[in-house]
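Each residue takes its place number in the sequence, starting with 1.
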Amino acid sequence: MLTLHERARAAGIALQWRDVFGQEQIVSDDSLRAVLDALGEDEPLPGLPPLLTVWVGEETALPRPGAYCVRLEGGGVLEGTGVVLPGIAEPGYHRLEYGGAETVLAVARSRAYTLEDAGGGEKLWGLTVQLYGLRRAQGGGIGDFRALEEFARAAARHGAAAIGISPAHALFAADVNRYGPYAPSSRAALNVLHIARDMPDEEGALIDWPGAAARKLAALREDFAHSHDHAGLAAFRAESGVGLERHAVFEALAEVLTRNNPAALNWRNWPEAYRHPENPAVVRFVEENENLVAFHAWLQFRAGQDLGAAQAAAKAAGAKIGLIADLAVGTDHAGSQSWSRQAEMLAGLEIGAPPDLLNREGQAWGITSFSPRGLRRSGFAGFIEMLRHALRHAGGVRIDHVMGLSRLWVVPRGRASAEGAYIDMPVDELLRLVTLESWRHKAVILGEDLGTVPPDFGARLTAAGIAGLRVMWFERGGAGFTPPAAWT
């Protein structure tokens, strides 16, 4: 039988970690057991995994000699026999047939689409804005995508190449008191409170989130009931697929089940039959509440139209990049993404950061993210869906806590952050998928790399064409600031 430490290593849990002072810290056996219990026992995948990733031109070792056939995404077929799959020059999602099985072969360029690619060699500048605070007259009290469109157009006319925005991820229509953009319901859907809808401004200097949100949702419900683009919505739902539908179903279920039952704000407190999206009871609910589900799908349709208009306005006004979306590091445990993709998400663990100079007790953020095992077993479906959603109406994305591509500090729920541990993430696969989607969307990638960074990770980001972030306050040598000519 394997020892506790052997089991932890096999699960990708680090037994120790180096703090900001360079000192090695040992993870207690108690913490290791708690993290292992939350991760559960892993079972090897039989045969080929659902997705393989490689760099352009990189050979791939096959499990045993045999015939292979690669059907390229752009057309064409590569066939052969052997124990090594030759390097493929064409980036894309191809189909690999081998040993009587089939899988997706994701071939990525060696680096992402960079700031240099976007600027054609010129240095670029941009602005950032907190989207919710970008208020306009008759906007209802919360910044919306029309205000963003006006702001982006004006910034681009003054020479800005990019406009970075705060996260626009979906929140909770059934709970207007949850409005933190970094603890969203889903990172693969939009915050419908940013839909542009003219309505009276009843707010003062501060945003009354619950009041403004309730009024906005009520007005949008009236719009949907009286007039909406049925054909456009149908096409949008068909194109968006299962991810959108599950989010709309989640929102509809939450709306119905939370009436007079605050405990149902967490889907784990729903009746057992509704706790999994594929349960027949959920199918029946959709059939019986077709119009309500359509309303929540329509909200995403409207939000996408408005955000797309803001990106189009920025580009038309001369911005070389346009909007830079902000990808939060995780989601609320009670949210849509956690319900929709249960097998892909960490359960019983929250993510955070170990103790450092600014947070001597560490941080536990109360949110969850993708499980490394879940990612591999699903063929990285949720991660790819999330990336594509972030880049659909943007010229770039800022990945919050980009170190999470390499490792995550996880804390067993109910424990202090210092009782956590690092778990390894499939960094090679994640970096390849980021660079592949970056080129497919011609979008730049920024990584928020502030804090405790894994050794050599910065060099890996640079090699992959992912730009880091620098805080001006820390960009100094001696008594003076680093001159702009020396900035990265």
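From R275, atom CZ reaches atom CD of E272 across 4.5 Å, with rounding to the nearest 0.5 Å. From D332, atom CG reaches atom CD1 of I367 across 9.0 Å, with rounding to the nearest 0.5 Å. We find the OH-OG distance between Y182 and S166 to be 6.5 Å, quoted to the nearest 0.5 Å. Between the CZ atom of R376 and the CE atom of M425 there is a distance of 8.5 Å, given to the nearest 0.5 Å. Taken to the nearest 0.5 Å, the NE2 atom of H94 stands 10.5 Å off from the CG atom of L96. Distance CG/L4 to CG/D30: 10.0 Å, rounded to 0.5 Å.
Salt bridge R7/D42: absent, no basic N to carboxylate O contact under 4.0 Å. Ion pairing between a basic and an acidic side chain is recognised when a charged N comes within 4.0 Å of a carboxylate O; D117 and R111 show such pairing. With respect to the salt-bridge test (charged N to carboxylate O, under 4.0 angstrom), the residues R415 and E350 do not qualify. Looking at R187 and E385, no side-chain N of the basic residue comes within less than 4.0 Å of a carboxylate O on the acidic one, giving no salt bridge. Between R302 and D306 a salt bridge is recorded (basic side-chain N to carboxylate O distance below 4.0 Å).
H194 contributes a side-chain N or O that, together with a main-chain N or O of G143, makes up a donor-acceptor pair within less than 3.5 Å. Judged by distance alone, with hydrogens and angles left aside, the side-chain atoms of R135 form a donor-acceptor pair with the main-chain N or O of G141 at under 3.5 Å. Of the possible donor and acceptor atoms, one in the side chain of T435 sits under 3.5 Å from a partner among the backbone N and O of L431. Put simply, the side chain of E419 gets close to the backbone of A416: a donor and an acceptor are under 3.5 Å apart. Judged by distance alone, with hydrogens and angles left aside, the side-chain atoms of S240 form a donor-acceptor pair with the main-chain N or O of F236 at under 3.5 Å. Judged by distance alone, with hydrogens and angles left aside, the side-chain atoms of T258 form no donor-acceptor pair with the main-chain N or O of N261 at under 3.5 Å. A donor-acceptor contact shorter than 3.5 Å is absent between the side chain of E59 and the backbone of V84. The backbone N or O of V70 sits nowhere less than 3.5 Å from a side-chain atom of R95 that would complete a donor-acceptor pair. In this structure a side-chain-to-backbone donor-acceptor pair under 3.5 Å is missing from R392 to G308. Judged by distance alone, with hydrogens and angles left aside, the side-chain atoms of Q337 form no donor-acceptor pair with the main-chain N or O of P184 at under 3.5 Å.
L265 places a side-chain heavy atom less than 4.5 Å from the side chain of R178. When side chains are defined from C-beta on, L257 does not count as touching W267, because their heavy atoms never get closer than 4.5 Å. Side-chain contact between Y93 and L433 is present, with heavy atoms from C-beta onward closer than 4.5 Å. Using a 4.5 Å heavy-atom threshold, the side chains of F370 and M386 count as touching. Between W55 and V107, every side-chain heavy-atom pair lies at or beyond the 4.5 Å cut-off. The side-chain heavy atoms of T331 and M345, taken from C-beta on, include a pair separated by under 4.5 Å. Side-chain atoms of L446 and I466, non-hydrogen and from C-beta on, never get closer than 4.5 Å to each other. M403 is not listed as a side-chain neighbour of T452, based on a closest heavy-atom distance of 4.5 Å or more.
Among the candidates L51, L375, V104, the single residue satisfying the side chain to side chain contact (heavy atoms under 4.5 Å, CB included) test with I384 is L51. For the side chain to side chain contact (heavy atoms under 4.5 Å, CB included) with I351, the qualifying choice from V410, T368, I423 is V410, the only one to do so.
Smallest separation of non-hydrogen atoms from Q342 and H276: NE2-CA, 3.8 Å. When all heavy atoms of A14 and V27 are compared, the closest pair comes out as O-CG2, 3.6 Å. Taking all atoms of both residues into account, the shortest heavy-atom contact from S369 to L408 is CB-CD1, 4.3 Å.
Counting heavy atoms of neighbouring residues, nucleotides and ligands inside a 6.0 Å radius, atom CD of E24 exceeds 12 of them. Other residues, nucleotides and ligands contribute only 12 or fewer heavy atoms inside 6.0 Å of the CG atom of D456. The local environment of CG in L206 is sparse, with at most 12 non-hydrogen atoms from other residues, nucleotides or ligands closer than 6.0 Å. Within a 6.0 Å radius of CD in E361, no more than 12 heavy atoms belonging to other residues, nucleotides or ligands are found.
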*Under the salt bridge (charged side-chain N to carboxylate O under 4.0 Å, His left out) criterion, do R9 and E6 qualify, and how do the steps go?*
CA-CA 5 Å; R9 286 194 194 95; E6 289 170 336; 6.0 Å; no
*Just do the ring-ring contact (aromatic ring centres under 6.0 Å, His included) check on W365 and H401 with the steps written out, would you?*
CA-CA 12 Å; W365 298 326; H401 193 71; 5.3 Å; yes
_One pair to check against side-chain contact (heavy atoms from CB on, under 4.5 Å): W298 and L220. What are the steps and the verdict?_
CA-CA 10 Å; W298 174 79; L220 290 170; 4.3 Å; yes
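For the 3.5 Å distance criterion, the side chains of R432 and T53 qualify, holding a donor opposite an acceptor. Neither side chain, H169 nor D326, offers a donor N or O lying under 3.5 Å from an acceptor on the other. With no hydrogens or angles considered, a side-chain donor-acceptor pair links S338 and R268 at under 3.5 Å. A side-chain donor-acceptor contact under 3.5 Å links H296 and E255. Side-chain N/O atoms of S186 and H247 include no donor and acceptor closer than 3.5 Å.
Aromatic ring orientation, W409 versus Y422: perpendicular (interplanar angle above 60°, classes split at 30° and 60°). In this pair, W270 and F250 present their aromatic rings tilted. The plane angle is within the 30 to 60° band.
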